[in-house]
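What you see below is based on every heavy atom in this structure, not just the backbone, and it leaves out hydrogens, waters and symmetry mates. All chains are named by letter (A, B, ...) in the order of the sequence lines, taking the proteins before the strands, and each is independently numbered beginning at 1.
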Amino acid sequence: MKALYNYLKEVAFAFVSLANGLLLTLKYFVTPWKSIITENYPDNRDHPSVADEFAGEVILIHDENNEHKCTACTLCQMACPNNSIQIISKQVETEDGKKKKVLDQWVYHLEMCTFCKQCIDACPQDAIKMINSYELSCFDRSTLTKVLNRPGSKLKEKAKVTPKVQE
Amino acid sequence: MISMIQFSDVTTWIHQLLSSCMAPWLVFLIELVVAAVAAVVALLVCVIIMVYMERKVAGHMQLRHGPNRVGWHGLCQLFADIIKLLLKESFTPTRADKLLFTVAPVLSLCVSLLALAPISWGPGLVLWNTNIGVLFVTAISSMGVIGILMAGWSSNNKYALLGAMRSGAQIVSYELSAGLSIVTIVALAGTLNTGGIIESQANGWWVLKGHLPAIFAFIIYIIASTAECNRAPFDLAEAESELTAGYHTEYSGMQFGIFYLNEYINMGVVAMIASTLFLGGWQPFYLPFDFPLAHAFNDIMALKFMETWPAWISWVSLAWPLVWFFGKLFLIIFFMMWFRWTFPRLRIDQLLKLEWKYLLPLSIVNLVIVALFIVLGLHF
Amino acid sequence: MENQTVTPSELKTEEFVVNIGPQHPATHGVLRVEVTLDGETVKDVLPHLGYIHRGIEKMTESLGYKQSIFLTSRMDYLSAHINNHLCALAIEKAAQIEVPARAKAIRIIMDELQRLTSHELWWGSCAMDIGAVTPFFLGFRDRERILELFEQNTGNRLTMSYIIPGGVMNDVRPDFVPKLKALLKSIKDYRKEYDQLITGNYIFQHRTQGIGVLSKEQAISLGCTGPTARASGLSCDIRKLYPYDGYEKLDFKEVIDYGCDNWARYVVRMEEMSQSIHIIEQLLDNLPTGDYRTKLKGVLKLPAGEYYQRVESARGELGVYIVSDGGAKPYRMKFRTPCYSNLGAVKPISVGMKIADLMANMATIDLVIPDMDR
């Protein structure tokens with residue numbers, strides 16, 4: 001008799017436990033407006049839920065006068081674990097006749113970048129930062145190699161005087 | 001049923017129309033083809049709805065939208081998939097048994113379509129009005145395992161073979177309790193004819209008026225038929241986390257598509273049988289009680305108020321049984337989908353234990369109790 | 001022709017070998033397991049590694065200390081914070097760098113959040129290996145909430161590169177604490193759904209209870225650590241035994257179960273999630289103010305010598321052994337990863353079981369393949 005009781009108890013427990021799970025999935029099924037968590041991604045491009053802090057790619061900060069703060073010191077290049085930064089500098093002659101090293105090309109290999117932010121950390125001038133762009137894929141991987149300094153841009157004069165610029 | 005126009009009237013009218021201009025053998029042939037095509041098309045429409053439904057049910061239960069890219073709310077997704085399957089190469093592995101490999105999907109499709117023959121879709125709307133209807137369906141549905149075993153064996157793939165062997169053990173076992181729970185209702189109704197069984201439920205569905213044994217039989221039939229269809233939680237034959245895709249691992253293109261279609265046709269057939277036996281087929285809901293409110297309710301359900309309406313509206317009442325039949329069909333299918341997207345999978349020994357230690361003894365005891373009910377005249 | 005009678009025991013049966021992986025839904029990565037089957041019964045299990053070997057240990061020898069930390073995120077990608085934490089701790093110990101209190105607290109919060117994400121993902125994939133697909137999405141839903149928090153505060157979602165020698169990369173956002181509090185509250189609600197859907201499920205209980213028994217002796221001799229070993233009654237929580245970064249000041253329980261089976265491993269992980277929430281709650285109310293990092297020189301040099309550091313990752317004991325020759329680059333960096341040792345437990349607990357149990361065993365041991373191969 002006890003065995004029968006235990007048997008029936010087990011069957012009842014099984015049914016109750018299964019019904020419990022069924023209730024949960026039914027709850028999700030009948031209240032899709034509450035439960036659905038996925039996003040209609042390509043449709044909500046205008047208002048993506050990507051945080052401002054998201055590390056999408058490195059950019060060289062340019063101000064409105066097309067000036068940047070990079071002094072071509074190559075600290076970022078040394079900090080990069082993947083050699084995804086190449087600083088190409090050139091020697092120019094200033095007005096008072098001194099030779100000076102200035103930035104020629106800030107080459108960024110996005111295809112090799114692991115978004116570790118070491119370069120941002122290493123930069124003494126705060127000349128570079130990461131922006132939250134996403135959709136970085138492309139059909140030709142050579143387009144991932146970018147030159148970050150804009151054509152005609154030059155070093156910000158003020159940055160030379162006070163190297164540590166606070167934001 | 002009260003409808004002024006019956007399905008038998010329609011079929012008789014078509015028969016007379018054809019007979020007036022053709023030889024009798026030609027009439028028979030044309031009627032055969034038309035009826036078969038009509039049934040298959042109806043089923044395919046059901047399958048399309050079922051696939052869409054499965055995707056939406058799965059999506060919403062899994063906190064997703066489900067398909068919503070192709071067409072309005074993803075309605076055309078299935079057609080896109082069918083086109084893709086048709087365009088894809090049906091690849092045959094080099095060391096597979098080519099003949100059996102090609103035959104297997106077609107065979108299992110044929111078997112599942114055969115089971116449609118004695119199903120009664122509406123009053124007088126039956127392809128093959130035979131007195132062994134339910135027996136025929138039971139006999140045919142157990143043949144489905146041959147196609148699966150054939151596919152598993154001929155693929156020359158270890159996963160496929162394991163899946164097919166599991167499927168064989170599973171289908172053969174669960175046939176028993178599915179059959180016994182069918183017998184329960186057959187005993188109550190006193191006929192094997194599907195139309196007859198449905199007509200016997202005009203004064204209440206068997207699941208309502210058959211007392212507790214009928215409910216037990218219904219539950220057992222749902223469990224056993226889910227297992228027979230290889231649906232989760234009994235989907236051991238294609239357990240994706242163990243056997244990748246089970247018996248159809250090596251199939252691609254439309255050959256895979258046929259197996260996929262087959263799964264849904266099987267579900268449809270099983271749900272049709274369940275609604276025929278337990279839920280009154282095309283009979284509307286009927287409360288087997290004797291007080292005014294119940295009578296009024298039953299009259300509304302049976303569209304009694306339409307009798308006084310103009311004749312052309314009575315065409316609506318022609319569709320009414322179909323609405324009930326397909327409504328019940330999709331209710332049962334929803335249950336099967338609900339199970340699939342909730343439960344973990346059983347292990348093979350647990351699966352067989354469930355059948356041989358729990359369901360089979362229960363259904364035998366259940367059958368004995370039903371027999372007692374009938375002998376003592378306790379049922380309605 | 002003679003009439004022969006064959007008894008069932010004389011029937012010739014043949015064992016056959018099935019390759020589970022390297023591409024298989026149950027291995028969650030590129031692990032290849034050579035399984036010898038007798039029908040449905042597993043006779044032998046032979047794991048093959050090397051499909052995702054990237055030579056991280058060798059690569060560190062050509063990178064500086066600061067740079068090589070970011071490779072470690074790629075070992076156990078589900079506990080990237082903890083991997084980074086390990087390297088940061090080892091370097092700090094060697095170079096005797098003082099870490100501000102705020103950084104320590106943030107590190108522990110991030111570690112425990114990472115443990116939560118890892119266990120939530122494990123919960124989903126474990127249920128999926130046992131055949132229920134829906135829990136996978138539930139696990140991902142809850143993990144996603146934490147990943148969003150990571151994204152807002154660390155900038156990345158999977159390989160955060162946040163914990164660095166001397167502290168953390170950047171300070172957390174001002175709204176970090178209120179957001180995290182709301183998140184912890186919802187995680188507690190989600191836990192009820194987990195119990196409703198899977199823990200209480202009759203089928204799931206019967207699929208896990210009594211299956212995959214790993215005795216305490218086996219766990220010790222195979223070098224198992226983490227929840228896998230704690231489910232066998234072995235006390236091996238590094239946070240308790242060798243506390244680091246202030247774990248000794250926190251009140252939490254080392255979850256130990258003596259069931260030894262899959263169910264025990266499941267229960268231990270579920271309970272660990274509660275303990276993680278408890279740890280985070282203690283730190284949230286009085287998060288120390290002040291500096292979040294000690295500024296270090298651009299090129300870090302460790303004094304010559306050998307250093308070992310261990311932490312408790314989501315899967316067990318994670319250790320790093322650094323040999324320094326005094327230069328800017330490590331002479332040798334060796335990682336002791338938990339999954340590699342835990343993988344050894346798959347064979348002893350699976351032999352004689354059904355093939356479906358093998359999947360359940362691999363699921364509850366919680367294997368992360370890149371962690372084994374490095």
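- For the set B:His65, B:Lys56, B:Arg64, the count of heavy-atom pairs under 4.5 angstrom toward chain A peaks at B:His65.
- A salt bridge does not link B:Lys84 with B:Glu89: none of the charged nitrogens is closer than 4.0 Å to a carboxylate oxygen.
- Panel note: side chain A:Asp140, backbone A:Ser142; a donor-acceptor pair is recorded below 3.5 Å.
- In this structure, the portion of B:Trp341 lying under 4.5 Å from any heavy atom of chain A is its backbone and not its side chain.
- Close placement of the A:Tyr7 and B:Tyr358 rings is indicated, their centers lying within 6.0 Å of each other.
- Judged by distance alone, the side chain of B:Arg231 and the main-chain N or O of B:Thr226 form no donor-acceptor pair under 3.5 Å.
- For chain B, no part of A:Leu24 is nearby; none of its heavy atoms comes within less than 4.5 Å.
- With a 4.5 angstrom heavy-atom cutoff, B:Phe334 touches chain A only via side-chain atoms.
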